[in-house]
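The first residue of the sequence shown is numbered 1, and numbering continues consecutively from there. Start at 1 and go down the list; that is how both ligands and their atoms are numbered.
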Amino acid sequence: MIDAISFKNGTFRYLDQRYLPLKEIYVETQNYLEAIEAIKTLAVRGAPLIGASAGYTVMLGINAYQGDKAGFPAYFANLVAEVNASRPTAVNLFFATRKMQDVYDANYEADSLEALFAKMTDMAYKIHNDEIDNCDKIARHGVELLKQDFADVLKTRKLNVLTHCNTGTLACCGIGTALGVIRLAYQEGLIERVITAESRPLLQGLRLTAWELEHDGIPFASISDSSSAILMQRGMIDFAVTGADRIVANGDSANKIGTYAHAISAKYHGLPFYIAAPVSTIDITMSEGSQIPIEERDADELRKIFGTQVATPTTPVVNFAFDVTPGTLIRGIITEKEAVVGNYNEGLARVVNG
Ligand code: MRU
């Protein structure tokens, strides 16, 4: 399995995803500002991996602390604020820093700094390891739901699935979320072929998902993002499954820009559209999708294609990195606890609180 991130002897090591699949470059750092930069630039990316990386980034910041116990609270508050400012949409980042904050809150008074840091290190590892385990459970729940939803079709043939962006090992640790469902469904003989939408402008689908599928020997074809409707019209897609960066109480789900258009097309063609994501991606403090902060990225991500200028440097650009698919378009939200189908307000509160 690809080692997208790891943390050993105070060093954070990551595979720089900007160069994949053409170059596999691993980077090591003990500097938390460099780790923040890796999150900002999408060298590490994908909601669960951003969360796990955020936990390790806090650890790098803590390991660099030279002061006494009295000075630590202000240092820690600033560190968490800096990590939280790296990317706005994937709530997993805030989930991870909250977990680190909880350990701090519970132990700062009683512990020496050394004992406190040891507990925080354990939490950073736990955040990462939990996401690995979550992927296996999500895959199992997803395959069960597919077997129910496609019971009749599966008597005569296998299924073709559309996915968007990258939700595999690179994005999630483990086998992935949506890609974990696809991997297990393929192993169980449910899948004919995977269609990976390229995911403009940074091409996570074309570069990363395709790379993971090729590595696994799973049949796939890549398409431009705007092709999903014609493939659905021609019966070349049976269902879609993607990940999410933030799912709010009513099931509205933010994911890589372009996801919403696939979901609308799926609805029009009567095909189920699923989201697969861990509970760390659910944010029931927000009631509906319009409240989700949507990251707007640099105009040059569009004006240039991997460094090559393709539009004039003055072309005005709107570059939303994510869109929000309404819960009403989603057949089911597959988590490690259960696949929530139906009333999301009730079901998502149950998986978060239960
Ligand atoms: O900008 P990115 O590459 O971090 O966006 C990633 C996505 O949108 C993924 O689809 C999402 O995080 C789900 S990953 C399990």
Are more than 12 heavy atoms from other residues, nucleotides or ligands located less than 6.0 Å from atom CD of E114? no
Cationic tip of R331 above F273 ring, under 6.0 Å, 45° of axis: no
Closer than 4.0 Å to some heavy atom of Q204 - which atoms of ligand 1 meet that? 1 (O), 2 (P), 3 (O)
G46 N/O under 3.5 Å from ligand 1 N/O: yes
Find all atoms of ligand 1 within a distance of less than 4.0 Å from any non-hydrogen atom belonging to N166, and give their numbers and elements. 9 (C), 14 (S)
Number the atoms of ligand 1 from 1 as they appear, then name those within less than 4.0 Å of a heavy atom of K256, with their elements. 1 (O), 2 (P), 5 (O), 8 (O)
Atoms in ligand 1 with a heavy atom of R87 nearer than 4.0 Å: 1 (O), 2 (P), 4 (O)
Proximal atoms of ligand 1 relative to A47 (non-hydrogen, under 4.0 Å): 12 (O), 14 (S)
Is the shortest N/O to N/O distance between N255 and ligand 1 below 3.5 Å? yes
Would you say that L231 contacts S265 through its side chain, given a criterion of any heavy-atom pair below 4.5 Å between the two side chains? no
Could you see which bit of A244 sits under 4.0 Å from ligand 1, with heavy atoms only: side chain, backbone, both or neither? backbone
List every atom of ligand 1 that sits less than 4.0 Å from any heavy atom of D245, numbering the atoms from 1 in the order shown and giving each element. 7 (C), 8 (O), 9 (C), 11 (C), 12 (O)
Validation row: D283, Q291 side chains within 4.5 angstrom (heavy atoms): no
NZ/NE/NH1/NH2 to OD/OE distance under 4.0 Å, R350 and E338: yes
Quick one, V324 and Y260 - any side-chain contact, counting heavy atoms below 4.5 Å? no
Only heavy atoms of C172, strictly under 4.0 Å: list the atoms of ligand 1 that pass. 15 (C)
State the atoms of ligand 1, each with its element, that fall below the 4.0 Å cut-off from a heavy-atom position in T177. 15 (C)
Is it true that R157 and E192 have a side-chain N and a carboxylate O under 4.0 angstrom from each other? no
For atom 3 (O) of ligand 1, find the nearest protein heavy atom and state the residue, atom name and distance (0.1 Å precision). R45 NE, 2.5 Å
Do K256's NZ or CZ and the ring of F322 fall within the cation-pi criteria of under 6.0 Å and 45°? yes
